[in-house]
A.B. asks: 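First the structure, then my questions, so here it is.
Residue indices begin at 1 and follow the sequence shown. Note: hydrogens, waters and symmetry copies are ignored here, and every other heavy atom, side chains too, is used.
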Amino acid sequence: MMYSRESFCGELGLRLQDLPLLACLLGNDIVPEKMVGHFHRKCIALYGSCNEQNNRANAIRAVATFISKIQLLPHGLREVERMMEPTFDMTLLPKGIQSYVLPQQNSPWISLTSQSFLNCTELSRSSPCQDQEVVQIALEDHYKGDNVMICNVLCFGESDCSNTLEDENDPDIPCQALVYRIARQHIYAILLGTGDGSPDSCPVVQEWYVYHGNMLEKPELVPALPLSIQGGTPTARELWLSNNPDIQIQRFYTCMACFHVERWTEGIRSLDSHLAATCCLLIYLSVQVDSLTLTDVEAFLAQTLCLPGKSGSQLSSLQLSYVDSRAVHLAFIFLRGLITLMACNSACGYPFDMMDLMPWNTFDGKLFHQKYLLCLERKPLDVILEKQESLIMEFKKLRTIIIEASEAQNRVLQPGPTRTSSLLPVTGGSFTRRDQFYASPSCDQRNERNEWHNVPRHQTTNQGRQFYPYPNQRGENNSWQGVPDWQASHHDLDRDFRTHNLKPGDYGW
């Protein structure tokens with residue numbers, strides 16, 4: 001399912017330039033939703049529809065109508081201020097709107113004097129990466145919706161993640177921030193280099209990653225970690241701009257090396273992208289997480305193999321008898337792995353088509369939970385894989401790859417015991433969401449899952465990063481593009497690159 005900003009604005013009576021204000025007034029990373037709840041209720045009272053059953057949809061339409069009424073007024077934000085509670089901090093709105101405005105653009109909702117036109121060239125000159133051309137490419141890609149982590153590392157020497165979902169009663173599974181740190185360190189080495197080879201000369205990245213015991217009071221200084229591969233760690237310039245006909249092979253190999261699975265590159269590369277991504281992450285997790293069992297791996301594989309045949313309606317109608325807190329924790333660990341793999345994919349010049357790594361093409365939490373419970377009950381493979389012989393054969397092939405790769409790294413996967421102590425009714429759970437800005441939404445946010453699973457995968461060869469020195473060679477639309485990215489983002493309210501948090505509910509949990 002694809003969305004058109006123009007059609008969306010036409011439906012709501014807005015201009016494209018109004019979308020940043022709409023995002024702020026609905027609640028985002030900078031303007032917490034709980035701060036605009038009173039405003040939403042006033043808008044619904046004035047402009048809401050009695051026929052709209054969905055509270056969230058009613059609020060969106062009512063706020064959009066309010067914006068359309070004031071969009072031509074010379075001091076529109078003053079009208080917004082009149083609708084807000086006296087305690088509302090109006091300085092958040094210009095800051096929030098500015099976070100969506102691209103370089104050399106301006107917004108009709110904030111004055112020119114308050115807008116900072118941060119030129120790409122100026123930013124690249126002040127970045128920790130000395131290759132200004134690489135920084136420029138990363139900035140341009142980010143403005144089109146690419147990975148925010150790459151830009152933060154290249155431009156600010158920072159990386160952050162301020163939310164997590166972990167079971168405090170299961171200390172055997174380490175926190176995701178530490179599980180994927182080694183992979184992130186290799187990404188930093190690709191982007192920033194490795195110095196002269198000595199440990200003291202390696203670039204250092206400030207990490208703001210939340211986990212138990214870390215309240216984000218100060219950043220952790222994490223050094224770049226060179227890859228232990230023949231020829232050393234390739235640079236971003238080599239991976240992004242090379243015209244070598246075999247560059248895609250090198251990009252894929254480097255991406256796998258970041259997760260320490262480069263020895264199995266040939267076998268993994270022959271798989272479909274979503275299966276290759278799953279195998280890469282499961283081999284990495286098998287080595288990094290001592291408590292990961294063969295049962296866990298089998299549940300992940302069963303989910304990955306069965307997902308392409310499921311429609312959105314089928315997934316939403318799945319029924320679970322129990323919720324196992326370990327399954328939820330593992331699902332979140334896997335999703336964070338996908339996000340890390342997407343960052344690595346960007347850093348390595350796109351050996352994967354990024355769309356193949358999107359969670360809606362790769363993972364569904366409820367389907368995983370179903371397969372996990374079946375695996376715990378030791379159900380036969382034909383039951384777990386829905387009596388599809390082709391899936392059973394593929395399952396055995398992938399399981400063998402993961403077992404052998406893990407054993408080669410001195411990790412022997414063992415079947416997990418049947419667990420009953422952590423099984424909970426579907427109405428409850430023992431989870432703590434660690435998120436510096438999370439607040440329970442006041443509106444009903446139930447959504448129909450999209451139908452991406454029915455979209456056939458492209459069979460064309462992925463060409464990786466395509467570099468065009470001039471914008472018009474990309475065939476891109478140069479119209480106003482100040483809209484939010486898809487990528488998850490984090491805790492620093494003054495960060496120049498701003499996107500929306502991904503919540504567990506976005507993936508069917």
A.B. asks: Give a yes or no answer on whether the side chain of Asn152 reaches the backbone of Met149 with a donor-acceptor pair at less than 3.5 Å.
C.D. replies: no

A.B. asks: Can you check whether Phe334 reaches Thr278 side chain to side chain, under 4.5 Å on heavy atoms?
C.D. replies: yes

A.B. asks: Residues in side chain to side chain contact (heavy atoms under 4.5 Å, CB included) with Asn244, at least two apart?
C.D. replies: Ser242, Asp246, Ile247

A.B. asks: In terms of ring plane angle, is the pair Tyr372 and Phe368 parallel, tilted or perpendicular, where the classes change at 30° and 60°?
C.D. replies: tilted

A.B. asks: Side-chain contact, heavy-atom cut-off 4.5 Å: Val412 with Ile403?
C.D. replies: no

A.B. asks: Taking only residues two or more places apart in sequence, or in another chain, which ones meet Cys280 in a side chain to side chain contact (heavy atoms under 4.5 Å, CB included)?
C.D. replies: Met256, Phe259, Val261

A.B. asks: Gln388: which residues meet the side chain to side chain contact (heavy atoms under 4.5 Å, CB included) condition with it, sequence neighbours left out?
C.D. replies: Glu386, Leu391

A.B. asks: Main chain of Val287, side chain of Arg411: is a donor-acceptor contact present, judged purely on distance under 3.5 Å?
C.D. replies: no

A.B. asks: Between Phe252 and Phe352, is the ring centroid distance below 6.0 Å?
C.D. replies: yes

A.B. asks: Output all residues satisfying side chain to side chain donor-acceptor pair (under 3.5 Å) with Thr91, sequence neighbours left out; order by chain, then residue number.
C.D. replies: Asp89

A.B. asks: Applying salt bridge (charged side-chain N to carboxylate O under 4.0 Å, His left out), can you list everything that pairs with Glu207, at least two apart in sequence or on another chain?
C.D. replies: Arg181, Arg184

A.B. asks: Between Lys371 and Ala299, which heavy-atom pair has the shortest distance, and what is it?
C.D. replies: CB-O, 3.9 Å

A.B. asks: Please evaluate residues Val204 and Leu192 with respect to the criterion side-chain contact (heavy atoms from CB on, under 4.5 Å), reporting the C-alpha separation (whole Å), side-chain torsions for both, the decisive distance (0.1 Å), and the verdict.
C.D. replies: CA-CA 9 Å; Val204 173; Leu192 300 178; over 6 Å; no

A.B. asks: Give me the atom names and distance for the closest heavy-atom approach of Ala257 to Glu262.
C.D. replies: CA-OE1, 3.3 Å

A.B. asks: Roughly how far, to the nearest 0.5 Å, is the SG atom of Cys306 from the CG atom of Asp364?
C.D. replies: 11.5 Å

A.B. asks: Are side-chain heavy atoms of Leu227 and Pro234 found at a separation under 4.5 Å?
C.D. replies: yes

A.B. asks: Rounded to the nearest 0.5 Å, how far apart are SG of Cys258 and CD1 of Ile229?
C.D. replies: 8.0 Å

A.B. asks: For Trp240 and Ala347, indicate whether the former's side chain and the latter's backbone hold a donor-acceptor pair under 3.5 Å.
C.D. replies: yes

A.B. asks: Output all residues satisfying side chain to side chain donor-acceptor pair (under 3.5 Å) with Asp196, sequence neighbours left out; order by chain, then residue number.
C.D. replies: Ser198, Ser201

A.B. asks: If you round to the nearest 0.5 Å, how far is OG of Ser346 from CG of Leu239?
C.D. replies: 12.0 Å

A.B. asks: Enter the distance from Ile137:CD1 to Ile150:CD1 here, rounded to the nearest 0.5 Å.
C.D. replies: 13.0 Å

A.B. asks: Would you name the heavy atoms of Met342 and Leu357 that are closest together and state the gap between them?
C.D. replies: CG-CB, 3.8 Å

A.B. asks: What pair of heavy atoms forms the shortest contact from Leu14 to Ala64, and how long is it?
C.D. replies: CD2-O, 3.4 Å

A.B. asks: Ala408 and Arg263: which non-hydrogen atoms are nearest, and at how many Å?
C.D. replies: O-NH2, 3.9 Å

A.B. asks: Of all residues at least two apart in sequence or in a different chain, which pass the side chain to side chain donor-acceptor pair (under 3.5 Å) check with Gln176?
C.D. replies: none

A.B. asks: Looking only at heavy atoms, what is the nearest atom pair of Phe300 and Ala331, with distance?
C.D. replies: CZ-N, 4.4 Å

A.B. asks: Please confirm whether the backbone N or O of His274 pairs with a side-chain atom of Asp272, one donor and one acceptor, at under 3.5 Å?
C.D. replies: no

A.B. asks: Please confirm whether the backbone N or O of Asp356 pairs with a side-chain atom of Thr362, one donor and one acceptor, at under 3.5 Å?
C.D. replies: yes

A.B. asks: List for me each residue that meets side chain to side chain donor-acceptor pair (under 3.5 Å) alongside His186, sequence neighbours excluded, and say none if there are none.
C.D. replies: His260

A.B. asks: Check Arg326 with Asp172, please: is the shortest side-chain N to carboxylate O separation under 4.0 Å?
C.D. replies: no

A.B. asks: If I take atom CH2 from residue Trp264 and atom CD1 from residue Ile283, how far apart are they, to the nearest 0.5 angstrom?
C.D. replies: 6.5 Å

A.B. asks: Strictly by side chain to side chain donor-acceptor pair (under 3.5 Å), give each pair with a member in residues 222-238 just once, sequence neighbours left out.
C.D. replies: Asp131-Arg237, Glu133-Arg237

A.B. asks: Report, as yes or no, whether the 6.0 Å neighbourhood of atom CD on Glu266 holds more than 12 heavy atoms from other residues, nucleotides or ligands.
C.D. replies: no

A.B. asks: State which residues pass ring-ring contact (aromatic ring centres under 6.0 Å, His included) with Tyr188; sequence neighbours excluded, sorted by chain then number.
C.D. replies: none

A.B. asks: Checking side-chain polar atoms at under 3.5 Å, does Tyr209 have a donor or acceptor matched by the opposite partner on Ser159?
C.D. replies: yes

A.B. asks: Tell me if a side-chain donor or acceptor on Glu166 pairs with a main-chain N or O of His329 at a distance below 3.5 Å.
C.D. replies: no

A.B. asks: Would you say the side chain of Leu221 lies within less than 4.5 Å of the side chain of Gln206, judging by non-hydrogen atoms?
C.D. replies: yes

A.B. asks: For a 4.5 angstrom cut-off between non-hydrogen side-chain atoms, does Cys279 reach Ile402?
C.D. replies: yes

A.B. asks: Can you find a heavy atom in the side chain of Leu398 that is under 4.5 Å from one in the side chain of Thr304?
C.D. replies: no

A.B. asks: For the residue pair Leu93 and Leu25, establish whether any side-chain heavy-atom pair is separated by less than 4.5 Å.
C.D. replies: yes

A.B. asks: Cys155 vs Leu139, test: side-chain contact (heavy atoms from CB on, under 4.5 Å). Steps then yes/no.
C.D. replies: CA-CA 9 Å; Cys155 297; Leu139 282 168; 3.8 Å; yes

A.B. asks: Out of curiosity, Thr340 OG1 to Asn345 CG, how far, rounded to the nearest 0.5 Å?
C.D. replies: 12.5 Å

A.B. asks: Check the pair Ile187, Val153 against side-chain contact (heavy atoms from CB on, under 4.5 Å), reporting the backbone distance first and the verdict last.
C.D. replies: CA-CA 9 Å; Ile187 295 173; Val153 172; over 6 Å; no

A.B. asks: Are the side chains of Cys24 and Tyr100 in touch, meaning some heavy atoms are under 4.5 Å apart?
C.D. replies: yes

A.B. asks: For Arg15, enumerate each residue passing the salt bridge (charged side-chain N to carboxylate O under 4.0 Å, His left out) test, keeping only those at least two apart in sequence or located in another chain.
C.D. replies: Asp18

A.B. asks: Applying side chain to side chain donor-acceptor pair (under 3.5 Å) as the test, list every pair that has at least one member in residues 395-407; sequence neighbours left out.
C.D. replies: Glu298-Arg399

A.B. asks: Go through it in stages, so that I can follow the logic: the residues are Asp296 and Leu285, the test is side-chain contact (heavy atoms from CB on, under 4.5 Å), and I'd like the CA-CA distance, side-chain angles, deciding distance and then a yes or no.
C.D. replies: CA-CA 11 Å; Asp296 301 330; Leu285 288 174; over 6 Å; no

A.B. asks: Is the backbone N or O of Leu341 less than 3.5 Å from a side-chain atom of Tyr180, with the two atoms forming a donor-acceptor pair by type?
C.D. replies: no

